[in-house]
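Notes follow once the structure below has been shown.
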Amino acid sequence: MPLRAGLLLVAVLLLASVVANSSAAATRAKVAFAAGTRTTPRVGDPGSDDIVFRRGTKSDEPVIAATMARSLMNPLGIDGSRFVVAEDRRTGERVGWAQLRPLGPASVDPSTYDSPQGSADVERLTDEEMWEKFEDEGPDFPNGMASLPWTEEYRAASEAAKRRREGRPGVRARVRSEAGQLWELASVFVSPRRRGRGVGSELVRRVMAEHAVMGRSASDVYALTLESTLDWYAKLGFKKTDDVPAPMGFEVAAGSIITKLIGAQLVCVRGGKSPQT
């Protein structure tokens, strides 16, 4: 498949995923509004005994991927360990799921003014630090007769270069750790006949709670949705932001064009506040 066609297919899948997620969220919001209050536990709700929530496993991946594809949502890169799955206690049927997937480093590109989060190049930052270390510690590579392979100066310079090469993975790991991590709330899905019962909200609350337990910040979590669903996301601690992370730039650019064709507006939301209970 040509690269351009492949990118277009990915863009359509990503957008379809956003629209499907947003439509489900809108349905849940309408049900809650019609009831005149926040949805409360009843048969089938997360507060009752017939739905259980668990950590996803590898065995969930084929079911999730197939369901996402049928629902015109993004079925690519499914890693069961990142998911929280809602399951019918009696039948074992998977009725919903959600995940946080890594977007990439959180740090900004220091060489560009007002660059967005996630724009830093870890490899380039590693190379720069390695070069600074080379300049500070030496030894300088020998010149003239001293650069001949059998000289003591040449052997010393070669050993120093070897140590730096061997130390690069450690430098890269530290640079990567210091850069932080951005995350995307994605693949939020609830079986149509289970929607409007608070399952989707509970899935999001649980993946965000696990995120917090790991010592991570909610402000590092982003999601793409339709503007019509902002109220639903607001109840889960998310707020609209114009500061779109660099790794989501392609999704936003492609999605914004297509959503206009359906009379909707694509927006980015960012976590922050604790979800309403």
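FYI, the numbering just counts along the sequence from 1.
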Does any N or O in the side chain of [X] come within less than 3.5 Å of the main-chain N or O of [Y], such that one atom is a donor and the other an acceptor?
X	Y	result
Ser256	Ala253	no
Ser201	Gly198	no
Gln181	Gly104	yes
Ser71	Met73	no

- Item | Stepwise side-chain contact (heavy atoms from CB on, under 4.5 Å) test for Val190 and Val95 | CA-CA 6 Å; Val190 177; Val95 299; 5.7 Å; no
- Message: List the residues meeting side chain to side chain donor-acceptor pair (under 3.5 Å) with Ser191, not counting sequence neighbours, and say none if there are none.
- Response: none
- Does anything in residues 195-219 pair up under ring-ring contact (aromatic ring centres under 6.0 Å, His included), and if so which pairs, sequence neighbours excluded? Trp183-His211
- Message: In the structure I gave you, are the side-chain heavy atoms of Arg195 and Phe189 within less than 4.5 Å of one another anywhere?
- Response: yes
- dist Thr259:OG1 -> Leu224:CG (nearest 0.5 Å) comes out at 10.0 Å
If hydrophobic clusters are built from ILVMFWY residues whose side chains come within less than 4.5 Å, do [X] and [Y] share one?
X	Y	value
Leu230	Leu236	yes
Phe53	Val204	yes
Val84	Val63	no

- Take Gln99 and Asp79, measure what side-chain contact (heavy atoms from CB on, under 4.5 Å) needs, and give me the verdict at the end. CA-CA 9 Å; Gln99 69 160 326; Asp79 182 345; 5.7 Å; no
- Query: Among all residues two or more places apart in sequence or in another chain, which pass the side chain to side chain contact (heavy atoms under 4.5 Å, CB included) test with Thr241?
  - Reply: Tyr222, Asp243, Cys268, Arg270
- Partners passing side chain to side chain contact (heavy atoms under 4.5 Å, CB included) against Ala98 (at least two apart in sequence or in another chain): Val188, Leu203, Val207
- Task: Just do the side-chain contact (heavy atoms from CB on, under 4.5 Å) check on Thr225 and Trp232 with the steps written out, would you?
- Result: CA-CA 10 Å; Thr225 186; Trp232 187 78; over 6 Å; no
- Task: Using the salt bridge (Lys or Arg N to Asp or Glu O under 4.0 Å) rule, collect all pairs that involve residues 63-77, keeping only residues at least two apart or in two chains.
- Result: none
- Query: salt bridge (Lys or Arg N to Asp or Glu O under 4.0 Å): which pairs involve residues 59-69, sequence neighbours left out?
  - Reply: Arg54-Asp60, Lys58-Glu61, Asp60-Arg94
- Check Met68 against Asn74 and note the closest heavy-atom contact, atom names and distance. CE-O, 3.8 Å
